[in-house]
Each structure stands twice: as C-alpha cells, then as structure tokens.
Amino acid sequence: LTSFPAPVFAHPPIWNARPGNVRVSRGDKAVLDCSATVGQQYNTVSMEPVHGAWTRFGREIENGPATLVTQEWTDDDIVIHLRLEIMSAQETDMGEYCCRVKNQYGVLEKKVVLEVEDIDEEYGEEEKVLEMKRDLNELIRKQMKIYSAMAQYSDQ
C-alpha cells in the first residue's frame, strides 16, 4: 500500500465539539473542553502554525499549580482538542473563558461561563453518602448476576 498525503484543508476552523458552560461545586475539578478541525498543524506553504488556547481576560491560560492546559492532535493531525482543568474551582475562578482556535484562514472563538456553586457542607456530605450507597448497590447487583451466571454454568 502507498501512503496518501493528508487532505487539504483550506478553511477557517470548524467546531468538532463546541465548548459549553460548566457548573461545579466549590473545590471540585472544573473541566472545559473544545475541539476543532483546523487542517495540518503547520501550513506546508507558509509554515504558519495552527494555534489553539483557552483564554480569560484576554490572556492565554497557562499551566500552573491550579490549572492544567492540554492540547492534543487527532485524525491525522487535522483536529485539535483543547482542555482546561481547574483542579479545585473557587469563586475567583467563576466567569467567562474563551476557547480560541486560529489557522491561516481565520479564527474560531466561543465564550463559555464557569459557575462555581457554594454547597452547604452538610448537604454535600449527605449527597456523597447517598451516591456511595447507590454505587454499592449497583456493585452488589452486578456481583449477584455473576454468581447467578456461575451457578447456571456449574449446573450444566
């Protein structure tokens, strides 16, 4: 088999996964995602790189002790996936964020809002206990199915 050249993409970026608003509880991890089809990472004629970033207050967000910004290329290096993780969201993190993707043909931007809710600690603990009980019940149900299947198999 011979390899084929990558498809030519001569358009402004197009959303694959449009970013959306995010709501988290104070102290929880907030994850903002977006992805766009942009063409090759470098234009083979002008060698201009494609650029993608999460921004806030007009400035590009960088990795730090409380944030992780990742960029991944897929689909033969024509789709860029951007992720911003805020490890422990606080009230100061609330507000507008923008996913911005640029290639030589144009810019694609979408603003989203991060909301951080201050949950009453007592209510939050009750909710966690209920979730753990639901998870435990689900595990017990799955284990019972396994035991039942094993019993049927051993009877044969």
Which residues satisfy the side chain to side chain donor-acceptor pair (under 3.5 Å) test with [X], sequence neighbours excluded?
X	value
Thr74	His81
Glu96	none
Asn16	Thr37
Thr55	none

With Trp73, the side chain to side chain contact (heavy atoms under 4.5 Å, CB included) member among Val79, Ile80, Ile78: Ile80
Could you state the interatomic distance from [atom1] ([X]) to [atom2] ([Y]), rounded to the nearest 0.5 Å?
X	Y	atom1	atom2	result
Leu32	Cys99	CG	SG	9.0 Å
Asn103	His11	CG	NE2	10.0 Å
Arg134	Leu139	CZ	CG	13.5 Å
Leu82	Thr70	CG	OG1	7.5 Å
Leu108	Arg100	CG	CZ	10.0 Å
Trp54	Thr67	CH2	OG1	13.0 Å

Give a yes or no on whether Val112 and Phe57 share a hydrophobic cluster (residues Ile, Leu, Val, Met, Phe, Trp, Tyr; joining criterion: side-chain heavy atoms under 4.5 Å apart). no
Does any pair with a residue in residues 139-148 pass salt bridge (charged side-chain N to carboxylate O under 4.0 Å, His left out), and if so which ones, sequence neighbours excluded? Glu138-Arg141
Can you list every pair that meets salt bridge (charged side-chain N to carboxylate O under 4.0 Å, His left out) and has a residue in residues 55-70, with sequence neighbours left out?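 For residues 55-70, and leaving out neighbouring residues, there are no salt bridge (charged side-chain N to carboxylate O under 4.0 Å, His left out) pairs at all.
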With Asp33 via salt bridge (Lys or Arg N to Asp or Glu O under 4.0 Å) - residues at least two apart: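 So Asp33 forms a salt bridge (Lys or Arg N to Asp or Glu O under 4.0 Å) with Arg83.
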Not counting sequence neighbours, which residues clear salt bridge (Lys or Arg N to Asp or Glu O under 4.0 Å) with Glu72? List them please. none
Give the intermediate values and the outcome of side-chain contact (heavy atoms from CB on, under 4.5 Å) for residues Asn21 and Tyr97. CA-CA 9 Å; Asn21 295 340; Tyr97 291 78; over 6 Å; no
Listed partners of Val116 passing side chain to side chain contact (heavy atoms under 4.5 Å, CB included), at least two apart: Val24, Arg26, Ala89, Met94, Leu114
Just jot down the side chain to side chain contact (heavy atoms under 4.5 Å, CB included) partners of Arg18, sequence neighbours excluded, or say none.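 If we apply the side chain to side chain contact (heavy atoms under 4.5 Å, CB included) test to Arg18, skipping adjacent residues, the hits are Trp15, Lys110.
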Any side-chain heavy-atom pair from Val101 and Val107 closer than 4.5 angstrom?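 Heavy-atom side-chain distance check fails, nothing below 4.5 Å.
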Apart from Met87 itself, what residues make up its hydrophobic cluster when side-chain heavy atoms of I, L, V, M, F, W and Y under 4.5 Å apart count as a link, directly or indirectly?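 For the cluster that includes Met87, the remaining residues are Leu68.
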Please check this pair: side chain of Gln71 against backbone of Val69, looking for a donor-acceptor N/O pair closer than 3.5 Å.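 Between the backbone of Val69 and the side chain of Gln71 there is no qualifying donor-acceptor contact (under 3.5 Å).
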